[in-house]
Number of protein chains: 2
Amino acid sequence: MAAGPRRGVPLTREEIYAAAWRLIDAGGVEALSMRKLAAELTVNPMSLYHHVENKTALLHELCLRVGEQMAPPPDDGSPWQEQLLALGRVYRELAHAHPALWRYVFNHPEVMSAQQGGLWEALDRILLLAGVPEHDLRTIAEILSAFVSGFIVSEATGGVRPDTFDQATALLIGGLEAHIRAGRTSA
Amino acid sequence: MAAGPRRGVPLTREEIYAAAWRLIDAGGVEALSMRKLAAELTVNPMSLYHHVENKTALLHELCLRVGEQMAPPPDDGSPWQEQLLALGRVYRELAHAHPALWRYVFNHPEVMSAQQGGLWEALDRILLLAGVPEHDLRTIAEILSAFVSGFIVSEATGGVRPDTFDQATALLIGGLEAHIRAGRTSA
DNA sequence: ACCTGAACACCGTTCAAGT
DNA sequence: ACCTGAACACCGTTCAAGT
């Protein structure tokens, strides 16, 4: 009875992640339990612990994998405003593809920073291109990131009407332009 | 033994809310359990259900009570930019006083809209004063609200450096000014 | 009216035992 | 090496019984 209901087929990490994914996309992070996950795989709950440290490690790993799908667009020579909008859209599309997991990431910043490494470089590049002075580059980048990720979570939870993302981005770009102009005249 | 460990003193809703509050402020929403709450009140867990429908109703009510503490500043005749900043600060201070509960609210928009009724009127008033055309008043208000509440949650979870709130607000104000200017010239 | 204990259907996780 | 069952310490909630 050792092979049990799974007839000797060895359980793999990939299978586990895929099943966890399914559960989360269907019912949110709160629908994921180790026991349901095991049932989904027709396996004893305890077998999971041979492939995964624990539930939070599993969630963490899942978030990292989503993050890896993020491909920030390269510099195509277009104006910074367009590139910023394009970057925002990449971010947003991935979030909308996995809203439940994204909400989890937003509420667990230690995961967020590990997950979204690639975005920061792209954001910095675009802000420098826009003429943001280096001394507030980091602050501006953090502010924009907080605004945009907060907006996207709001979209996912229904706190904001659909199809307002471009307008929201336009507002930020307008603010950035004013900020840069002000920095230039005072220098 | 009916009076049990609480010696006949009748349990009140107020006591329950206060204790729940304490647990949440100490350890986050995830630290609140009906059983720990009962222990805190030296009462049988089941006694709580005589005063509260269930756990989510309790949380909901708690959120509404925090929201009621929000007093949007009245129109003092100062420029809209200052009034918008003042409004943001009121919102932010309350959120920082109860960060755990706020995170919960942000992730449960049905609670959010019930809780933050007073803010919307103030926001609408300020945006009209600023000259935002009525046809995008609602959209702009939603966008600003999503940005600001997202930023505040980011502050609470450590995703953004402290003392950047005024800078963040300035960015939004700059964007709004540009938006209004654009609307005026196109009209 | 208010409180209680026992019970049910869940959790995550540990540990000793099985193949 | 991989899997398992029994067990522990938790959850929220229902329900019949107590005062």
Side-chain angles (χ1 to χ4, degrees), chain A residues 1-24 26-63 100-101 103-104 107-108 110-111, chain B residues 1-24 26-63 100-101 103-104 107-108 110-111:
Chain A
M1 296 267 153
R6 279 192 49 82
R7 297 147 310 166
V9 184
L11 191 55
T12 69
R13 242 187 288 266
E14 296 313 314
E15 267 184 294
I16 294 176
Y17 292 138
W21 205 282
R22 249 177 285 137
L23 284 178
I24 289 173
V29 172
E30 63 275 18
L32 174 70
S33 86
M34 296 302 269
R35 294 174 118 110
K36 274 189 235 157
L37 183 53
E40 183 88 0
L41 294 161
T42 37
V43 140
N44 186 289
M46 305 319 138
S47 303
L48 299 172
Y49 288 88
H50 271 268
H51 302 88
V52 152
E53 204 189 344
N54 54 36
K55 188 183 175 179
T56 74
L58 168 59
L59 267 169
H60 191 103
E61 180 62 29
L62 239 33
C63 291
L101 214 45
R103 232 169 53 161
Y104 180 83
N107 286 284
H108 296 261
E110 75 284 4
V111 181
Chain B
M1 297 275 154
R6 277 191 50 83
R7 297 146 312 165
V9 184
L11 191 56
T12 69
R13 242 186 288 266
E14 296 313 314
E15 268 184 294
I16 294 175
Y17 292 138
W21 206 281
R22 248 177 288 139
L23 284 179
I24 290 173
V29 171
E30 63 275 16
L32 174 69
S33 86
M34 297 302 269
R35 294 176 118 110
K36 273 189 234 157
L37 184 52
E40 182 89 359
L41 295 160
T42 37
V43 139
N44 185 290
M46 306 318 139
S47 304
L48 298 172
Y49 288 88
H50 271 269
H51 302 89
V52 153
E53 206 189 342
N54 54 36
K55 189 184 173 179
T56 74
L58 168 59
L59 266 170
H60 191 104
E61 179 63 28
L62 238 35
C63 291
L101 215 43
R103 230 168 56 160
Y104 180 83
N107 286 284
H108 296 262
E110 74 285 3
V111 181

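Residue numbering restarts at 1 for every chain, and letters A, B, ... go by the order of the sequence lines. Because the structure is predicted, anything quoted here is derived from the model rather than measured.
- The pairing partner recorded for dT13(C) is dA7(D), the criterion being a Watson-Crick or G-U wobble arrangement whose two distances lie under 3.5 angstrom.
- Taking atom OH of Tyr49(B) as the reference point, atom P of dT4(C) lies 15 Å away to the nearest angstrom.
- In this entry the distance linking NE2 of His50(B) with P of dT13(D) reads 15 Å, nearest Å.
- The interatomic distance linking Asn44(B) (CG) with dA16(D) (P) rounds to 17 Å, in whole Å.
- Ranking dT13(C), dC3(C), dT13(D) by closeness to the His51(B) side chain, first place goes to dC3(C).
- Side chains of Glu15(B) and Leu41(B) form a contact here, defined as non-hydrogen atoms less than 4.5 Å apart.
- Atom CG in Leu23(B) sits about 15 Å away from atom C1' in dC11(D), given to the nearest Å.
- With dG12(C), dT13(D), dC11(C) as the choices, the nucleotide that has an atom nearest any side-chain atom of Arg35(B) turns out to be dT13(D).
- You'll find that the side chain of Leu11(B) is closest to dC3(C), out of dA6(D), dG12(D), dC3(C).
- Note that CG of Leu58(B) and CG of Leu48(B) are 8.5 Å apart. Values are rounded to the nearest 0.5 Å.
- Atom P of nucleotide dT13(C) and atom CG of Leu59(A) are separated by 10 Å, given to the nearest angstrom.
- Rounded to a whole Å, the CG atom of Leu41(B) is 11 Å from the P atom of dC3(C).
- Judged by Watson-Crick or G-U wobble contacts below 3.5 Å, the nucleotide dC2(D) has dG18(C) as its partner.
- Rounded to whole Å, the separation between the C1' atoms of dA7(C) and dC11(D) comes to 14 Å.
- Put simply, Ser33(A) has a side-chain N or O that comes within less than 4.0 Å of OP1 or OP2 on dG12(C).
- With a 4.5 Å cut-off on side-chain heavy atoms, Arg103(A) and Val29(A) do not count as touching.
- Within the 4.5 Å cutoff, no side-chain heavy atoms of Val111(B) are placed close to those of Leu59(B).
- Nucleotide dC11(C) holds its C1' atom 14 Å from the CG atom of Leu37(A), rounded to whole Å.
- The Lys55(B) side chain lies nearest to dG12(D) when the options are dG12(D), dG5(D), dG12(C).
- Between Ser47(B) and dT4(C) there is a side-chain polar atom (N or O) within less than 4.0 angstrom of OP1 or OP2.
- Put simply, CG on Leu48(A) is 14 Å from C1' on dC11(C), counting in whole angstrom units.
- The CG atom of Leu37(B) lies 11.0 Å from the OH atom of Tyr17(B); values are rounded to the nearest 0.5 Å.
- Here the side chain of Met46(A) is nearest to one of dC3(C), dG5(C), dT13(C), namely dT13(C).
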